[in-house]
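All values below were derived from every heavy atom in this structure, side-chain atoms included, with hydrogens, water molecules and symmetry-related copies excluded. Residue numbers begin at 1 in each chain, while the letters A, B, ... track the order of the sequences.
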Protein chains: 2
Amino acid sequence: MISTTIENYIKAIFYLGETATNVTVSAVAERMQNSPASVSDMLRRLYEKGLIEDKNNITLTDQGSFLAKQIIRKHRLWETFLVKTLDFKWDEVHSIAEQLEHVQSSLLTERLARFLEYPETDPHGDPIPDKDGNFPDLSIIPLSESEPGKSYIFRSVATDAKDFLNHLDNKGLQLGQRWVIIEKEEFDGSVKLLVDDKNEVYLSEKVAKNLNICSGELD
Amino acid sequence: MISTTIENYIKAIFYLGETATNVTVSAVAERMQNSPASVSDMLRRLYEKGLIEDKNNITLTDQGSFLAKQIIRKHRLWETFLVKTLDFKWDEVHSIAEQLEHVQSSLLTERLARFLEYPETDPHGDPIPDKDGNFPDLSIIPLSESEPGKSYIFRSVATDAKDFLNHLDNKGLQLGQRWVIIEKEEFDGSVKLLVDDKNEVYLSEKVAKNLNICSGELD
DNA sequence: ATAAAATTTTAGACTAATCTAAATATTAAA
DNA sequence: TTTAATATTTAGATTAGTCTAAAATTTTAT
């Protein structure tokens, strides 16, 4: 009934809806690597299936949104399985999970979740919705309250002053990155991080107070 | 390049080739639940892709045969995973494995095999080919040499006398069934079995000597 | 407020995989 | 060996998902 292709469109629209204010045909086309013409055509079909609210306002219906969250749940559970159980590295698993997320069996999904002991986040630190589509609320703290040696995910910024964002850009810092705290200087509150297992970055307390993180342990 | 649909055709031809002397269009159509016209059309495409030898003689090329065995390997490994790791029952897993067998990542397949400790048979007792496409040779013994309490798979018959096969049919015995030995009578060599967790069957030594089984433990 | 630019939709075509109905070829039987 | 039955192929359609090119619409800027 719902093809893999449709599932991928719904997922793309869900993700775009999380960041962009209004989702556009061209944004979906860009993300799906398809022509705008194909997207326009597909949106008609999604509307006919009751998955989006309107042809002009690309917003998921409750049904569409639930479907998206189910797919995201499966994707993130499988990524967790690949890393924790099959010893994949966390940056190797995406394309395999893109295939596994379309396997249809709610019993399988629930058994997998149970086997993994109901994880709240995947290996990238992204939250895993439960079977009803509810995301766990990960406790968000400023980087200044992090603990040395622990691993976190960079989640949000407390201010969007242009020069501040520029500063982050210069340091190569981006949302979703895994940050491991190498050390914290008691004296001035400065922090030294390892970003995505690659680069070391030093940050002042002033900056650290404005970066929000959540726990992202790999176990 | 190779679609899921094509993989399913190749698998069907492989299975039919194992039993039938010559594979026919209508046999493939029957198995795939498609019209003979569709099969005829598809065979042309399989030939163009170098997966079957000839349009008139439906036999897999080396490439086609290797592909079939890879799919069977994945199917049986996933079934084993579902039963041993996720606690599915062995008769619940087929349709899920039908989906998982098409996931493409040889690294995934090998990691899964390693995690399962390189099983030789799946939960139905069917042999799992290795990554080069070689099937393990399961040691086949007559039922008369089975051990009470153990689980076996009914693999072959030592004679195909019509009245003997009729006798098996009357008792509801079929190739591939799981047989658990309930008891063996030392006195006359008769055997009492539990067939597929359902029916109890009594067999004389004369019959037991002509039924070949192999080990089919579930661990 | 209108022209230019950007975005979206429509029209028409293509491919893979399927179908039914008709034509052809093969096998079996009288 | 010729006919009857069975099996296979071809022809023509259909559906999902895609494309390019052109038309229509909306947005932005002067």
- Heavy-atom nearest nucleotide on DNA chain C taken for B:Lys49 and for B:Ala37; more 5' hit belongs to B:Lys49
- Item | Partner set under salt bridge (charged side-chain N to carboxylate O under 4.0 Å, His left out) for A:Asp197, not counting sequence neighbours | none
- Task: Kindly say if A:Tyr9 contacts the phosphate of D:dT18, meaning a side-chain N or O under 4.0 Å from OP1 or OP2.
- Result: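 Yes, such a contact exists.
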- D:dC19 phosphate, OP1 or OP2, under 4.0 Å from A:Ser38 side-chain N/O: yes
- Message: What I want to check is whether the side chains of B:Ser38 and B:Ser35 have a donor and an acceptor closer together than 3.5 Å.
- Response: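 Note: B:Ser38 and B:Ser35 side chains meet the donor-acceptor criterion.
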Which whole-number value in Å describes the distance from [X] [atom1] to [N] [atom2]?
X       : N      : atom1 : atom2 : value
A:Glu48 : D:dA16 : CD    : C1'   : 12 Å
A:Asn8  : D:dT18 : CG    : C1'   : 14 Å
A:Asp41 : D:dT20 : CG    : C1'   : 13 Å
A:Leu46 : D:dA16 : CG    : C1'   : 12 Å

Side-chain polar contacts of residues 65-76 of chain B - donor-acceptor pairs under 3.5 angstrom, sequence neighbours left out - could you list them?
residue, atom, partner, partner atom, Å
B:Lys69, NZ, B:Gly133, O, 3.4
B:Arg73, NH1, B:Pro129, O, 2.9
B:Arg73, NH2, B:Glu110, OE1, 2.7
B:Arg73, NH2, B:Glu110, OE2, 3.2
B:Lys74, NZ, B:Glu101, O, 3.1
B:Lys74, NZ, B:Val103, O, 3.0
B:His75, ND1, B:Glu101, OE1, 2.8
B:His75, NE2, B:Glu79, OE2, 2.9
B:His75, NE2, B:His94, ND1, 3.3
B:Arg76, NH1, B:Pro127, O, 2.6
B:Arg76, NH2, B:Tyr15, OH, 3.3

- Note on the structure: Min and max contacting nt of DNA chain C in 5' to 3' order, chain B heavy atoms within under 4.0 angstrom, are C:dA17 to C:dA21
Please identify each residue that fulfils side chain to side chain contact (heavy atoms under 4.5 Å, CB included) with [X], with sequence neighbours left out.
X        : answer
A:Gln104 : A:Glu7, B:Gln99
A:Tyr118 : A:Ala113, A:Arg114
A:Asn170 : none

- Item | side-chain hydrogen bond (donor to acceptor under 3.5 Å, both in side chains) partners for B:Tyr152, two or more places apart | none
- Task: List for me each residue that meets side-chain hydrogen bond (donor to acceptor under 3.5 Å, both in side chains) alongside A:Asn134, sequence neighbours excluded, and say none if there are none.
- Result: none
- Task: Name all pairs fulfilling the salt bridge (charged side-chain N to carboxylate O under 4.0 Å, His left out) condition that reach into residues 127-138 of chain B, sequence neighbours left out, sorted by first residue then second.
- Result: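 Listed once each, the pairs would be none.
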- Residue-level proximity of residues 24-35 of chain A to DNA chain C when a heavy atom falls under 4.0 Å: A:Thr24, A:Val25, A:Ser26
- Mind checking what makes ring-ring contact (aromatic ring centres under 6.0 Å, His included) contact with B:Phe154, not counting sequence neighbours?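 By the ring-ring contact (aromatic ring centres under 6.0 Å, His included) rule, B:Phe154 matches B:Trp179.
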- Looking at every strand, decide which applies to B:Arg44 at a 4.0 Å heavy-atom threshold: base, sugar-phosphate, or nothing. nothing
- Message: Using a 4.0 Å heavy-atom cut-off, does B:Thr5 contact any base of the nucleic acid, only the sugar-phosphate backbone, or nothing at all?
- Response: sugar-phosphate
- Close aromatic pair by centroid cut-off 6.0 Å: B:Phe81 and A:Phe81: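 Yes, the ring of B:Phe81 comes within the 6.0 Å limit of the ring of A:Phe81, centre to centre.
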- Task: Measure the angle between the two terminal helix axes of the helix from C:dA1-D:dT30 to C:dA30-D:dT1, five base pairs each, and quote it to 10°.
- Result: 10°
